[in-house]
Amino acid sequence: MLLRRAASAAALLATVLPLTVAPPAHAADDDGAAACRPPASVPLDAEQSRLADPRTGALVERAGLADFVRRFPAALCTTRSRTEAERLLDSWGQALWQASVRRAQGQRAGGDLAAGDDRPLYWARLGMTAALARWQPEFPADKAALRARLEDASRGLTGNAFRPAPGVRRIFISGFDPFGLDAEIRRANPSGSAALLLNGRRITLADGTVAEIRAVVLPVRYADFDAGIVERAFTPHLAGPAPADIITTVSQGYPGIFTLEDWAGRARSADPYPDNARALSGGTRERPVTAPGLGPGPEFIRTTLPAGAVTAAVQTPYPVLLNSEVTEIPAGATAPVDRADGPTPGSRAVAGGGGGYLSNEVAYRSNRLRAELAPHLPGGHLHTPVLTGLPADPQLLTGPEFEHNESAIASEVRAVLEHAAVRR
């Protein structure tokens, strides 16, 4: 257990500049805003409250994404109805996602941060959700529903289908937002960086065939998982008109190594560790709980990714290991037991190889859905190394070691996919 413990949109988007992907032009100027009641003095949520730290705004500014945050309040005030607001949230969310992807892939200039840095997308989105919370429209509006639209669109859940292409294999992956921000607000998440760097890319697999990757970046919030964001993200790519040929969830895991997780467990057990909203799951090692809204399934789900092929081929710059550890409550027992070789028959899940937090849950939810909708597909979970290298000076947002490590991890994620997605 040392391993685990170590660790209408289309029409509106026509207004978006095709290469620079700026905020939609119909809401460019603050003076052109329609009548809108003065912004409300509303309390921000725990995640949004971190925007008070000026370093969060600096990350957005230094990535060239600040216009999204600056111009968004005026854009909201141009809307005259719920339908217009929904369309605006869809278009701005997709524009932010596209701008972040293009920036990561070197197709959009802006700022002096490394192109693959995932933090600007996270903080820009939060800045926009804070503006949405303060917005006082002249018509009834369900702000929670509107925020969900903005979140989905800016995370790659909408307008992000595979391109039709005979003979091209399709890989769908998910990454995560930065987390642990109360301890270190400068933290990034290399799984999110990999998602931005790889989304829409065509890569050559180890057998010489071509594959296209589509990606989403998920929140580190229990409430969003309870509301079905994982199922919303994966269902179109498992049962849609152009389904994936392989899926894998990706998250940040252990120091210095990649791990393919052999087992995902049907339990939350990570308390007292909170999510980004400072919420707890209600589950502990001694008293695991099942997540609300989770469909029927076994206590543990085993990966169907070709672990042997991956670990035999990809070992640099970080080793890639298969992790078969789990924690279970054996049949007829009441206390948790750590096992190095997977679960025993009839046991209750406490933690999968990735623990009892959201990285384990995204693996369980996506692969439970895969088993239901497309059982022939390979699927599993990949943990990246912990991203290290932030400068000791807390006012420095980046540095050569940090940027090198984030790039190296994202490149190795691609190498893993190049071997995992080969047709077998």
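The basis for the numbers below is simple: all heavy atoms, side chains too, and nothing from hydrogens, waters or symmetry mates.
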Going through the distances and angles, do Asn199 and Asn160 end up as a side chain to side chain donor-acceptor pair (under 3.5 Å)? CA-CA 9 Å; Asn199 184 68; Asn160 196 19; 3.0 Å; yes
Check step by step if salt bridge (charged side-chain N to carboxylate O under 4.0 Å, His left out) holds for Arg87 and Asp90. CA-CA 5 Å; Arg87 290 175 177 170; Asp90 290 344; over 6 Å; no
Is it the case that the side chain of Asp118 and the backbone of Asn189 share a donor-acceptor pair, with hydrogens and angles ignored and the cut-off at 3.5 Å? yes
How far does CG of Leu382 sit from CG of Leu260, to the nearest 0.5 angstrom? 5.5 Å
Under 3.5 Å, side chain of His419 to main-chain N/O of Val310, donor-acceptor pair present? no
Less than 3.5 Å apart, any donor N or O on the side chain of Thr284 or Asp271 sitting next to an acceptor on the other? no
Kindly compute the distance separating OG (Ser191) from CZ (Phe176), expressed to the nearest 0.5 Å. 7.0 Å
Applying salt bridge (Lys or Arg N to Asp or Glu O under 4.0 Å), can you list everything that pairs with Asp152, at least two apart in sequence or on another chain? Arg232
In sequence, state the C-alpha distance, the side-chain angles, and the governing distance for Arg147 and Lys143, and then conclude on side-chain contact (heavy atoms from CB on, under 4.5 Å). CA-CA 6 Å; Arg147 176 170 177 171; Lys143 289 191 182 179; over 6 Å; no
Contact between Phe172 and Thr248 at the side-chain level, heavy atoms closer than 4.5 Å - yes or no? no
Are Val210 and Arg169 side-chain neighbours, meaning at least one heavy-atom pair lies under 4.5 Å? no
For a quick check under 3.5 Å, do Asp341 and Ser324 share a side-chain donor-acceptor pair by atom type? no
Please assess Arg55 against Glu61 for the test salt bridge (charged side-chain N to carboxylate O under 4.0 Å, His left out), listing each intermediate value before the final yes or no. CA-CA 10 Å; Arg55 290 173 294 180; Glu61 189 77 44; over 6 Å; no
Arg221 side-chain N/O to Ala277 backbone N/O, donor-acceptor pair under 3.5 Å: no
Glu299 side chain near Pro343 side chain, heavy-atom distance below 4.5 Å: no
For the pair Arg50 and Asp53, find out whether any cationic side-chain nitrogen is under 4.0 Å from an anionic carboxylate oxygen. no
Approximate separation, where rounding is to 0.5 Å, of Ser91 OG and Leu150 CG: 9.5 Å
Any residue meeting side-chain contact (heavy atoms from CB on, under 4.5 Å) with Ser154, in chain and number order, not counting sequence neighbours: Leu96, Arg125
Do you know which two heavy atoms are closest between Ile173 and Ala195, and how far apart they sit? CD1-CA, 4.3 Å
Hey, is the main chain of Pro190 close enough, under 3.5 Å, to the side chain of Thr384 for a donor-acceptor pair? no
Taking the side chain as every heavy atom from C-beta outward, state whether Thr327 and Val337 have any pair of such atoms under 4.5 Å apart. no
Stepwise, does the side chain to side chain donor-acceptor pair (under 3.5 Å) test hold for Glu261 with Thr259? CA-CA 6 Å; Glu261 302 303 338; Thr259 55; 2.6 Å; yes
Take Arg62 and Asp112, measure what salt bridge (charged side-chain N to carboxylate O under 4.0 Å, His left out) needs, and give me the verdict at the end. CA-CA 6 Å; Arg62 290 178 59 182; Asp112 63 348; 2.8 Å; yes
Taking Asn367 for its side chain and Ala363 for its backbone only, find out whether a donor-acceptor pair lies under 3.5 Å. yes
If you define the side chain from C-beta out and look only at heavy atoms, does anything of Asp338 sit under 4.5 Å from Glu325? no
Kindly say whether Gly200 contributes a backbone atom to a donor-acceptor pair with the side chain of Arg163 at under 3.5 angstrom? yes
Which heavy atom of Pro255 sits nearest to which heavy atom of Val386, and what is that distance? N-CG2, 3.8 Å
Identify the heavy atoms of Ser359 and Ser251 that sit nearest to each other, and give their distance. CB-OG, 3.1 Å
Test log, rule side-chain contact (heavy atoms from CB on, under 4.5 Å), inputs Tyr122 and Asn276: CA-CA 12 Å; Tyr122 174 74; Asn276 274 351; 3.7 Å; yes
Could you check if a side-chain atom of Asp224 sits within less than 4.5 angstrom of a side-chain atom of Leu218, using non-hydrogen atoms only? no
For Val216 and Trp97, work out which heavy atoms get closest and say how close. CA-CH2, 4.3 Å
I'd like to know if the side chain of Arg119 and the backbone of Asp177 have a donor-acceptor N/O pair within less than 3.5 Å. no
Listing request: all salt bridge (charged side-chain N to carboxylate O under 4.0 Å, His left out) pairs with a residue in residues 193-207, at least two apart in sequence or in separate chains. Arg202-Glu212
For Thr303 and Trp263: C-alpha separation, side-chain torsions, deciding distance, then whether side-chain contact (heavy atoms from CB on, under 4.5 Å) applies. CA-CA 6 Å; Thr303 185; Trp263 299 93; over 6 Å; no
All heavy atoms of Pro306 vs all of Ala420, minimum pair found to be CG-O, 3.5 Å
Pairing donors with acceptors under 3.5 angstrom, does anything connect the side chains of Glu84 and Thr79? no
Is there a donor-acceptor pair under 3.5 Å between the side chain of Thr344 and the backbone N or O of Pro330? no
Spatial distance of atom CZ (Arg103) from atom CG (Leu113) [nearest 0.5 Å]: 5.5 Å
Any donor-acceptor N or O pair under 3.5 Å, side chains Gln48, Thr129: yes
Using modelled atom types and a 3.5 Å cut-off, is there a donor and acceptor pairing between side-chain atoms of Arg268 and backbone atoms of Glu361? no
Any chance you could lay out the ring-ring contact (aromatic ring centres under 6.0 Å, His included) test for Phe162 and His237, step after step, and finish with the verdict? CA-CA 9 Å; Phe162 290 103; His237 298 287; 5.5 Å; yes
Could you please spell out the steps behind the ring-ring contact (aromatic ring centres under 6.0 Å, His included) verdict for Tyr254 and His383? CA-CA 7 Å; Tyr254 312 110; His383 262 125; 5.2 Å; yes
Step by step, would you call Arg365 with Phe225 a side-chain contact (heavy atoms from CB on, under 4.5 Å)? CA-CA 9 Å; Arg365 282 182 178 269; Phe225 275 54; 4.0 Å; yes
For Glu412, which of Pro385, Ser407, Pro317 qualifies under side-chain contact (heavy atoms from CB on, under 4.5 Å)? Pro317
For a 4.5 angstrom cut-off between non-hydrogen side-chain atoms, does Gln252 reach Phe179? yes
Looking only at heavy atoms, the pair that brings Leu417 and Leu198 closest together is CD1-CD1, 4.0 Å
Heavy-atom count around Arg82 CZ within 6.0 Å, excluding the residue itself: above 12? no
Using 30° and 60° as the class boundaries, would you call the ring planes of Tyr357 and Tyr273 parallel, tilted or perpendicular? perpendicular
With side chains defined as the heavy atoms from C-beta onward, is the minimum distance between Thr204 and Thr209 less than 4.5 Å? no
With distance as the sole test, does Arg102 use its side chain to make a donor-acceptor pair with the main-chain N or O of Gln107 at under 3.5 Å? no
Taking only Lys NZ, Arg NE, NH1 and NH2, and the carboxylate oxygens of Asp or Glu, determine whether Arg423 and Asp245 approach each other closer than 4.0 Å. no
